[in-house]
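This report concerns only the one structure given below.
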Amino acid sequence: MCIFCEKAQAQLAAEGGLTAAQRREAEQCESLRERRVRATIVTGFLGAGKTTFLNFVLQSWHGKRIGVVQNEFGNVSVDDQLMLVERSQTEVITMPNGCLCCRVRGDMVDALRRLALRPESTEGAAGEGLALDNLIIECSGLSEVIPVAQTFFADPWVQGSFSLDGVVCVCDAGTFESLEGGGVVEGVAGADVAKLLREQLSISDICLLNKCDMVDSSRRDHLSARIKSLNPSIKVVPCRQGKVNLGQVLKLNAFSLEGVLSLDAHFLNGTGAASGHGGGHGGGHGDGHAHSHEAREHTHTAFGSVGIEVHRAIDVEALRAWLRDVVTSHGDKLVRIKGIIRTAVELEAFAVVQGVGGHIELNEGAPKPSGPGPAAGGRLVLIGRLLSGPLEKE
């Protein structure tokens, strides 16, 4: 029995929350572990395949009530439009225009409350009134993960309602080595991006090495070895198009608070990631493991985004030509393009745009978006290093 078994949430809140020792002790309570909703954090850099993996999970878990919090970098949400599931079975809250690592103490907690509580329920003891089978949080590709994980222990209601089951980092086998740099060179996207990749891996339990069809077996093994060198306890699962045996990555009770604390004593104080303390629970002592407690800027501050809402159907060939021009003019700064665009009014035909770096795919025949209605012609977002100014002028 723990403090959550003995006291109501209102009383806990009135007493000013819990001490670090109480939060740590509560994680040992079997009764609490059994009744909480399991939560998985999905992280990974831009274009690695996080939403593709999320789609696969939701389609595989047909019939379960899944809560999803999606965070996007940019003020126009696209990922919710790319979710190919029936919304009656999936509760989704999209948090655009920022990174979860900067807003975990407020917006994220509010989002979790909205997802988890039935309208008719009241806030009594921890875990009461929850209407979810599982929770998945998909972070922006530019988010740091440690502050998001801290939220599961910083807020009494969240800790009493959700159990952090694990952190899954999706990596693109085709681009990981060039972005991360192997610890020898800076990485093609800059030292800050390479450091972010290492930090995302440092606290992760599982690495989905996605797009393995783009590399041969020797390259795949080389990438797996490099990832294991950054976090010796991480489990690397090769896959294609985000498809994997879910028993390998979910419902594993993989996240260990004690493991985190053994490497980052400040984790429960909420100072670890915020001050640049990048230690992860997986034993990640790679180049991204920082021990400075001086404040530093987050990686996403060096990036900009341009969100476009289209109000009519677009000619496919004209769209292809425009995308080619964008890559020609801004390819050195462009990191990610994604969107769903309407291509014919009568047939309600849509095309999905997916781009990483200078490689862009436009797939016609996409189903009508399942989420809240987009603009009449669709949405598109472009993300890159200091990209917003010149592209917005165009």
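Computed from a predicted structure; not experimentally measured.
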How far does [atom1] of [X] sit from [atom2] of [Y], to the nearest 0.5 angstrom?
{"X": "Ser163", "Y": "Glu34", "atom1": "OG", "atom2": "CD", "value": "11.5 Å"}
{"X": "Gln354", "Y": "Thr52", "atom1": "CD", "atom2": "OG1", "value": "6.0 Å"}
{"X": "Phe53", "Y": "Leu58", "atom1": "CZ", "atom2": "CG", "value": "9.5 Å"}
{"X": "Leu250", "Y": "Thr40", "atom1": "CG", "atom2": "OG1", "value": "5.0 Å"}
{"X": "Leu209", "Y": "Ile227", "atom1": "CG", "atom2": "CD1", "value": "5.0 Å"}
{"X": "Ile314", "Y": "Arg320", "atom1": "CD1", "atom2": "CZ", "value": "14.0 Å"}

May I ask you to decide if [Y]'s main-chain N or O and [X]'s side chain share a donor-acceptor pair within less than 3.5 Å?
{"X": "Ser329", "Y": "Val326", "result": "no"}
{"X": "Gln200", "Y": "Ser143", "result": "yes"}
{"X": "Arg198", "Y": "Glu180", "result": "yes"}
{"X": "Ser161", "Y": "Val158", "result": "no"}
{"X": "Asp165", "Y": "Ala39", "result": "no"}
{"X": "Ser140", "Y": "Leu142", "result": "yes"}

Can you hop from [X] to [Y] via hydrophobic side chains spaced under 4.5 Å?
{"X": "Leu164", "Y": "Leu115", "answer": "yes"}
{"X": "Val37", "Y": "Val167", "answer": "yes"}
{"X": "Val168", "Y": "Ile66", "answer": "yes"}
{"X": "Leu319", "Y": "Val356", "answer": "no"}
{"X": "Phe45", "Y": "Met214", "answer": "no"}

Handout entry: Stepwise side chain to side chain contact (heavy atoms under 4.5 Å, CB included) check, Phe162 with Trp157
Key = CA-CA 8 Å; Phe162 297 96; Trp157 180 84; 3.7 Å; yes
For residues [X] and [Y], determine if any side-chain heavy atom of one lies less than 4.5 Å from a side-chain heavy atom of the other.
{"X": "Phe176", "Y": "Leu201", "result": "yes"}
{"X": "Val316", "Y": "Leu362", "result": "yes"}
{"X": "Ile93", "Y": "Val68", "result": "no"}
{"X": "Leu257", "Y": "Phe267", "result": "yes"}
{"X": "Thr43", "Y": "Val148", "result": "no"}
{"X": "Leu196", "Y": "Glu144", "result": "yes"}
{"X": "Val310", "Y": "Arg379", "result": "no"}

Over all heavy atoms of both residues, which pair between [X] and [Y] is shortest? Give the atoms and the distance, please.
{"X": "Ala149", "Y": "Ile203", "answer": "CB-CD1, 4.0 Å"}
{"X": "Cys169", "Y": "Gly44", "answer": "SG-CA, 4.1 Å"}
{"X": "Phe152", "Y": "Met108", "answer": "CE1-CE, 4.1 Å"}
{"X": "Ile308", "Y": "Leu382", "answer": "CD1-CD1, 3.9 Å"}
{"X": "Ala48", "Y": "Asn210", "answer": "O-ND2, 3.0 Å"}
{"X": "Asp205", "Y": "Ala254", "answer": "OD1-O, 3.2 Å"}

Practice task
Quick one: sort the Phe255 and Phe153 rings into parallel, tilted or perpendicular, breaks at 30° and 60°.
Solution key: parallel
Practice task
Give a yes-or-no answer on whether the side chains of Asn231 and Ser233 include a donor-acceptor pair shorter than 3.5 Å.
Solution key: yes
Handout entry: Passing option when Gln159 is tested against Glu27, Gln22, Arg36, Arg23 for side-chain hydrogen bond (donor to acceptor under 3.5 Å, both in side chains)
Key = Glu27
Practice task
Test side chain to side chain contact (heavy atoms under 4.5 Å, CB included) on Asn253 and Arg38 and set out the steps.
Solution key: CA-CA 9 Å; Asn253 288 322; Arg38 292 193 188 195; 3.7 Å; yes
Problem - Test side chain to side chain donor-acceptor pair (under 3.5 Å) applied to Gln70 and Glu138, step by step - result: CA-CA 5 Å; Gln70 281 187 315; Glu138 180 189 356; 2.9 Å; yes
Pairing of [X] and [Y] as salt bridge, 4.0 angstrom limit:
{"X": "Lys211", "Y": "Asp172", "value": "yes"}
{"X": "Arg24", "Y": "Glu258", "value": "yes"}
{"X": "Glu317", "Y": "Arg324", "value": "no"}
{"X": "Glu177", "Y": "Arg226", "value": "no"}

Handout entry: Arg220 and Ser224: CA distance, side-chain angles, deciding distance, side chain to side chain donor-acceptor pair (under 3.5 Å) verdict
Key = CA-CA 6 Å; Arg220 180 196 64 204; Ser224 297; 5.7 Å; no
Practice task
Walk me through it: do Arg33 and Gln28 pass the test side chain to side chain donor-acceptor pair (under 3.5 Å)?
Solution key: CA-CA 8 Å; Arg33 284 203 300 267; Gln28 308 303 316; 4.9 Å; no
Problem - Heavy atoms of other groups near Lys228 NZ, more than 12 under 6.0 Å - result: yes
Exercise for the section: Answer yes or no: are there more than 12 heavy-atom neighbours, outside Gln241 itself, under 6.0 Å from its atom CD? Expected result: no
Handout entry: Stepwise side chain to side chain contact (heavy atoms under 4.5 Å, CB included) test for Leu380 and Val353
Key = CA-CA 8 Å; Leu380 191 69; Val353 179; 3.9 Å; yes
Exercise for the section: Step by step, work out the side chain to side chain contact (heavy atoms under 4.5 Å, CB included) result for Glu199 and Ile146. Expected result: CA-CA 8 Å; Glu199 288 181 348; Ile146 294 175; 5.8 Å; no
